[in-house]
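Just below is one structure, and these are the notes that go with it.
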Amino acid sequence: MEIVQTGSWGFGEGPLIIAGPCSAESEEQLMATATALKGTGRVSLFRAGLWKPRSRPSSFTGEGFRALDWLRRVKTETKLPVTVEVASPEHAVACLEAGIDAVWLGARTVSNPFSVDAIVSALQGCDIPVMVKNPLSPDLDLWVGAIERVYSAGIRKIAAIHRGFTPYDKSRYRNLPKWELAIELRSRIPSLPVICDPSHMSGKADLVPETAQKALDMNMAGLMVEVHNDPAHALSDKEQQLNPEQFEKMMMSLLFRSSTSGDIGFINHLEELRNRIDSIDHQLIGLLASRMRISEEMGEYKCRSGVTVFQLERWLEILQSRTVHGISEGLDSEFVGRVIRMIHEESIRCQDVVMKRLNLAGGCPPAGNDGEKE
Ligand code: PEP
Ligand code: MN
């Protein structure tokens with residue numbers, strides 16, 4: 001895919017900073033927020049939700065089509081370009097007619113390929129940018145699928161927005177960030193800019209700056225931040241919205257690091273560190289391969305002795321001893337646990353393959369002594 005980078009969308013160079021309220025609530029609220037945001041000089045694009053996809057029907061569902069006129073006023077008076085969430089072809093057509101500068105597809109919409117199809121047909125060939133939030137669940141294909149649908153409608157100004165995923169357990173975040181999934185998305189579509197929405201991830205205003213910094217450290221192409229002139233009285237997402245002063249303070253404290261440096265000393269030292277990492281990874285792969293070959297040999301041995309692949313006591317002993325060793329080496333115990341579980345799972349799989357093969361060839365005695373020590 002050949003995607004136009006955010007710096008060439010006409011909203012300024014550098015990271016794309018989108019800010020504005022969760023919902024457009026009144027003309028006064030929009031004008032007050034937009035004027036304050038313009039004053040910070042840190043905003044590329046002003047956001048507002050007109051049609052709000054709420055979990056409960058009794059919640060505020062947005063001011064709808066009439067708020068497009070308010071956004072037109074924001075545009076004319078503050079000169080900030082504006083962006084809106086579209087959830088139906090009618091929204092898309094109305095936004096194009098109203099001269100909205102960019103649109104985005106929300107997490108709920110992206111979860112439904114029929115909705116995405118209907119919206120992109122209405123946007124077919126348009127020149128405005130279309131941003132695609134991640135779906136509610138961490139399903140990379142669903143996210144990529146929505147981006148492909150937008151692309152196949154001839155749209156080339158595209159970005160993905162990482163806004164986190166619905167947690168199933170109690171969590172610090174309203175929506176769990178999955179940075180590794182965003183990295184995988186960037187590896188699948190290298191020209192795709194990915195920005196972050198730390199507001200919907202955090203769910204509370206005081207966590208937003210930390211999450212935004214993390215996103216910048218992950219080299220995201222920009223931020224979408226919810227900012228309201230009076231968050232305490234917001235009609236939606238009041239907990240997570242910053243006021244314009246908090247937004248400005250956050251923008252001044254964020255470190256916008258460069259993904260590279262022209263300094264030759266830096267480049268050489270980084271190269272040396274990367275060489276060391278490459279060499280260790282090479283050894284790790286070799287060691288894993290040796291370990292799996294032993295597993296296969298063990299699978300054959302167990303099979304010939306009529307013993308099961310899995311022995312609980314041995315597994316518990318492996319997990320315990322490797323975790324203790326890992327901790328003594330300064331590694332995180334959870335990390336060691338995850339790695340050793342994966343290795344063990346693969347080892348069981350390798351042994352299983354060997355056993356099945358031998359069984360098919362009639363090479364193993366019938367099960368009798370199951371060897372299980374549970
Ligand atoms: C929003 O941006 O206000 C919104 C509804 O976001 P999401 O689709 O990420 O829930
Ligand atoms: Mn919101």
Side-chain angles (χ1 to χ4, degrees), residues 16-25 29-30 33-34 37 43 45-57 59-64 67 71 82-88 91-92 95 100 102-113 115-116 119 129-139 142-143 146-147 150 159-167 171 173-178 181-182 185 194-205 207-208 211-212 215 220 222-243 246-247:
L16 184 73
I17 305 296
I18 307 172
C22 177
S23 302
E25 299 167 3
Q29 170 244 6
L30 277 193
T33 311
L37 282 175
V43 176
L45 200 53
F46 180 76
R47 67 150 276 160
L50 274 49
W51 302 277
K52 300 305 299 177
R54 306 309 298 279
S55 302
R56 309 285 300 275
S59 307
F60 173 66
T61 55
E63 288 293 335
L71 280 172
V82 293
T83 181
V84 166
E85 173 179 349
V86 291
S88 76
H91 300 163
C95 285
I100 297 298
V103 294
W104 82 86
L105 307 184
R108 289 155 192 81
T109 305
V110 173
S111 304
N112 181 351
S115 302
V116 177
I119 296 167
V130 177
M131 298 174 283
V132 182
K133 286 202 171 188
N134 64 254
L136 297 169
S137 57
D139 181 342
L142 200 53
W143 199 1
I147 291 157
V150 172
I161 305 178
H162 180 209
R163 49 76 81 191
F165 300 88
T166 308
S171 141
Y173 294 96
R174 176 178 177 200
N175 291 293
L176 281 177
K178 286 207 175 283
L181 207 88
L185 176 67
V194 182
I195 71 172
C196 175
D197 171 346
S199 301
H200 286 89
M201 259 178 198
S202 305
K204 42 191 170 306
L207 187 55
V208 171
T211 312
M220 298 260 151
L223 301 170
M224 177 187 263
V225 185
E226 284 193 339
V227 184
H228 190 290
N229 62 324
D230 181 11
H233 296 101
L235 299 181
S236 60
D237 288 351
K238 67 157 85 164
E239 305 291 325
Q240 70 194 31
Q241 303 204 60
L242 305 181
N243 64 32
Q246 289 169 320
F247 170 77

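Bear in mind the structure is a predicted one, so any value in this text is a computation, not a measurement. In each ligand, atom 1 is the first atom listed, and ligand 1 is the first ligand listed.
Side chains of C22 and K52 form a contact here, defined as non-hydrogen atoms less than 4.5 Å apart. At a threshold of 4.5 Å between non-hydrogen side-chain atoms, the residues L235 and Q29 do not count as touching.
One finds the CD1 atom of I195 at 7.5 Å from the CG atom of L223 (value rounded to the nearest 0.5 Å). Here the straight-line distance linking atom NZ of K133 with atom OG1 of T109 works out to 10.0 Å at 0.5 Å rounding. Atom CE of residue M224 and atom CD1 of residue I17 lie 11.5 Å apart, to the nearest 0.5 angstrom. Note that OG1 of T33 is 5.5 Å distant from CZ of F46, once rounded to the nearest 0.5 Å.
Less than 4.0 angstrom separates some heavy atom of W104 from each of these atoms of ligand 1: 2 (O). The contact set between ligand 1 and G106, taken as ligand atoms under 4.0 Å from a residue heavy atom, comprises 8 (O). The distance from ligand 1 to the heavy atoms of C22 drops below 4.0 Å at these ligand atoms: 3 (O). Short contacts between ligand 1 and K52, defined as distances under 4.0 Å to a heavy atom of the residue, involve ligand atoms 1 (C), 3 (O), 5 (C). Short contacts between ligand 1 and E226, defined as distances under 4.0 Å to a heavy atom of the residue, involve ligand atoms 1 (C), 3 (O).
In this structure, of R54, K133, E85, the residue bringing a heavy atom nearest to atom 6 (O) of ligand 1 is K133. In this structure, of R47, R163, Q241, the residue bringing a heavy atom nearest to atom 2 (O) of ligand 1 is R47.
Using the six-membered ring where Trp is involved, H162 and W143 have ring planes that are tilted, between 30° and 60° apart.
Of the listed residues (N175, L136, N134), just one forms a side-chain contact (heavy atoms from CB on, under 4.5 Å) with F165, and that residue is N134. None of E25, Q241, K238, H233 except one satisfies the side-chain hydrogen bond (donor to acceptor under 3.5 Å, both in side chains) rule with H228; the exception is E25. Screening I161, I18, T211 against D197 for a side-chain contact (heavy atoms from CB on, under 4.5 Å) leaves a single residue, I161.
For atom 8 (O) of ligand 1, the nearest protein heavy atom (residue, atom name, distance) is A107 N, 2.8 Å. Here the heavy atom of the protein found nearest to atom 4 (C) of ligand 1 is H200 NE2, 3.5 Å.
Looking at D237 next to ligand 1, no N or O pair under 3.5 Å apart turns up. By the 3.5 Å distance cut-off applied to N or O atoms, D197 is not counted among the residues near ligand 1.
Annotation: protein N, O or S atoms under 2.8 Å of the Mn ion (ligand 2) (waters excluded) comprise C22 SG, H200 NE2, E226 OE2, D237 OD2.
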> Hey, mind stepping through S199 and Q240 against side chain to side chain contact (heavy atoms under 4.5 Å, CB included) and telling me if it holds?
Replying inline: CA-CA 6 Å; S199 301; Q240 70 194 31; 4.2 Å; yes
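Between E226 and R47, at least one side-chain nitrogen of the basic residue sits less than 4.0 Å from a carboxylate oxygen of the acidic one, meeting the salt-bridge criterion.
Contacts between M224 and ligand 1, counted as non-hydrogen atom pairs separated by less than 4.0 Å, are absent for every part of the residue.
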